[in-house]
Amino acid sequence: MVKKKKTLDTRLVDRAILFATKAHEGTVRKGSNVPYIVHPLETMAIVATITSDQELMAAALLHDVVEDSGISIDEIRDEFGPRVADLVDSETDREVEGLSHVESWTYRKQAAIDRLATSGRDVQIVALGDKLSNMRAMAANFREQGNSVWERFNEKNPARHSWYYHQLAVSLAPLSDTEAYREFVRLVEQVFPTD
């Protein structure tokens, strides 16, 4: 008798892929022609190396739709449930009243560092997927373009990016048992060496 394999129910992730693809339609990654949806898909793939939790994978796919597409957390909650919405909300960058997006960079990044340091593992897993995807792109772009890569960012000072990514590594250290975290740290050290 052949034992039937248990299949994974991916309907939630499938819906999230379609939703995120539509939300990011026509947009590209900063300084490239790469369709933006590649980043949420890579974020989800990284999360999938840590867990098979479909809600975490869906949140990884949707992590930028509120921030970048004008979709509300309530819409995410209605479509994907409270846990996915809460995970997406935890990854959404908050503007600082009275400051421009550029002026508020340090405040927003410090808030993310602090939030992740006290968050549970689920929130950290989604964040690690996002941050590792960003570091992969940054490392590749840095190898190709050198210091001119910083011109595409709101914060143009590489020392500030170094501070941010090194602090993220500290905040995400509870995930040091994962290959994704170890890759993240290697890339941070490669782009922002501390010697």
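Reckoned from all heavy atoms, side chains included, excluding hydrogens, waters and symmetry mates. All of these numbers come straight from a predicted model, not from anything done at the bench.
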Task: Shortest non-hydrogen separation from His63 to Thr92 and the atoms involved - done: O-OG1, 4.3 Å
Task: Arg11 and Gln54: side chain donor to acceptor below 3.5 Å - done: no
TODO: Output the distance between atom CE (Met135) and atom CG (Leu128), rounded to the nearest 0.5 Å.
DONE: 12.0 Å
Task: No-hydrogen, no-angle side-chain donor-acceptor test under 3.5 Å, Arg29 and Asn134 - done: yes
Open item on the list: With rounding to the nearest 0.5 angstrom, report the CG to CZ distance, Leu168 to Phe184.
Closed with: 5.0 Å
- [ ] Provide the closest heavy-atom pair for Ile46 versus Ser133 in the form atom of the first, atom of the second, distance.
- [x] CD1-N, 3.7 Å
- [ ] For the pair Asp177 and Arg121, find out whether any cationic side-chain nitrogen is under 4.0 Å from an anionic carboxylate oxygen.
- [x] yes
Open item on the list: Whether Glu91 and Lys131 form a salt bridge (side-chain N of Lys/Arg under 4.0 Å from carboxylate O of Asp/Glu) is what I want to check.
Closed with: yes
TODO: Supply the atom-to-atom distance Asn141 CG to Ser148 OG, rounded to the nearest 0.5 angstrom.
DONE: 9.5 Å
- [ ] Evaluate the criterion side chain to side chain contact (heavy atoms under 4.5 Å, CB included) for residue pair Trp105 and His161; output intermediate values, then yes/no.
- [x] CA-CA 10 Å; Trp105 189 90; His161 290 276; 4.1 Å; yes
Task: ILVMFWY network linking Leu18 to Val65, side-chain heavy atoms under 4.5 angstrom - done: no
Open item on the list: In this structure, would Val38 and Met44 fall into the same cluster of hydrophobic residues linked by side-chain contacts under 4.5 Å?
Closed with: no
Open item on the list: Give me the atom names and distance for the closest heavy-atom approach of Thr43 to Gly129.
Closed with: CG2-C, 3.5 Å
TODO: Give a yes or no on whether Ile37 and Val28 share a hydrophobic cluster (residues Ile, Leu, Val, Met, Phe, Trp, Tyr; joining criterion: side-chain heavy atoms under 4.5 Å apart).
DONE: no
TODO: Look at the rings of Phe192 and Tyr165 and say which category their plane angle falls in: under 30° parallel, 30 to 60° tilted, over 60° perpendicular.
DONE: parallel
- [ ] Please find out if less than 6.0 Å separates the ring center of His39 from that of Tyr36.
- [x] yes
Open item on the list: Under a 3.5 Å threshold, yes or no: a donor from one side chain and an acceptor from the other, between Glu75 and Ser72?
Closed with: yes
Task: Nearest-0.5 Å distance that lies between atom CD in Glu179 and atom CG in Leu132 - done: 9.5 Å
Open item on the list: What verdict does the salt bridge (Lys or Arg N to Asp or Glu O under 4.0 Å) test give for Arg94 and Asp89, after you've listed the backbone C-alpha separation in whole Å, the side-chain angles of each residue and the deciding distance to 0.1 Å?
Closed with: CA-CA 10 Å; Arg94 305 284 190 267; Asp89 194 39; 2.7 Å; yes
Open item on the list: What I'd like to find out is whether the side chain of Glu155 reaches to under 4.5 Å of the side chain of Tyr164, using heavy atoms alone.
Closed with: no
- [ ] Using a strict cut-off of less than 4.0 Å between a Lys/Arg side-chain nitrogen and an Asp/Glu carboxylate oxygen, indicate whether Arg77 and Asp74 qualify as a salt bridge.
- [x] yes
- [ ] For the residue pair Ser176 and Arg182, confirm or rule out a side-chain donor-acceptor distance under 3.5 Å.
- [x] no
Open item on the list: Check this for me: does any side-chain nitrogen of one of Glu183 and Arg136 sit under 4.0 Å from a carboxylate oxygen of the other?
Closed with: yes
- [ ] Give the intermediate values and the outcome of side-chain hydrogen bond (donor to acceptor under 3.5 Å, both in side chains) for residues Arg115 and Ser90.
- [x] CA-CA 8 Å; Arg115 186 173 59 251; Ser90 72; 5.8 Å; no
Open item on the list: Rounded at 0.5 Å granularity, tell me how far OG in Ser171 sits from CG in Asp114.
Closed with: 7.0 Å
TODO: Any chance you could measure Leu62, atom CG, to Phe19, atom CZ, to the nearest 0.5 Å?
DONE: 6.5 Å
